[in-house]
Student: 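I am attaching a structure below and will ask some questions about it afterwards.
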Amino acid sequence: MLTFIVRRLLLAVPVLLGVVFVVMLTVDLLPGDAVTLMLGEHATKDAVAKLRDHLGLDKPFLVRYLDYVGRVVRGDLGPLDPAESSSRRGAGGTPGRRRSS
């Protein structure tokens, strides 16, 4: 029975990695631009570039995926305090991404 549970838990890892990959890829392929939605249509190119860099959206898809998986493996699932969510902070950050001081 113990080997069955261990085997199922080990098989869940690639399934979860695959689900995260498909969800992130789907979001990446959706039309539209998250940064433009956050800053508005009249945002300057400099502000858009700065926010893209801050959110890591200037990196290739696989780099962002591996960064996310690495943070999850380390236990970094984002801020636990609702006051730290991006909607309260404005365009200055995103859940799951730590600000550099």
Student: Who else is in Val22's hydrophobic cluster (ILVMFWY, side-chain heavy atoms under 4.5 Å, direct or via others)?
Tutor: none
Student: Enumerate the residue pairs fulfilling side chain to side chain donor-acceptor pair (under 3.5 Å) with a member in residues 15-30, sequence neighbours excluded, ordered by first and then second residue.
Tutor: Asp28-Arg64
Student: Quick one: pull up CG in Leu66 and NZ in Lys59 and give me the separation to the nearest 0.5 Å.
Tutor: 11.0 Å
Student: Tabulate below the donor-acceptor pairs under 3.5 Å that side-chain atoms of residues 1-21 make, not counting sequence neighbours, or state none.
Tutor:
none

Student: Please tell me whether Leu29 and Val23 are part of a single hydrophobic cluster in this structure, the criterion being side-chain heavy atoms less than 4.5 Å apart.
Tutor: no
Student: Once salt bridge (charged side-chain N to carboxylate O under 4.0 Å, His left out) is applied, what residue pairs with a partner in residues 29-40 remain, sequence neighbours excluded?
Tutor: Asp33-Arg52
Student: Kindly list each side-chain donor-acceptor pair under 3.5 angstrom involving residues 39-48, sequence neighbours excluded, with atom names and distances?
Tutor:
unit_1	atom_1	unit_2	atom_2	d
Thr44	OG1	Ala47	N	3.1

Student: Tell me if the OH atom of Tyr68 is crowded by more than 12 foreign heavy atoms within 6.0 Å.
Tutor: no
Student: What residues form a side chain to side chain contact (heavy atoms under 4.5 Å, CB included) with Asp58, not counting sequence neighbours?
Tutor: Asp53
Student: Say whether Leu25 and Val69 are linked into one hydrophobic cluster, either directly or through other cluster members, by side-chain heavy-atom distances under 4.5 angstrom.
Tutor: yes
Student: Group every Ile, Leu, Val, Met, Phe, Trp and Tyr by side-chain heavy-atom contacts under 4.5 Å, then state whether Leu62 and Val72 land in the same group.
Tutor: yes
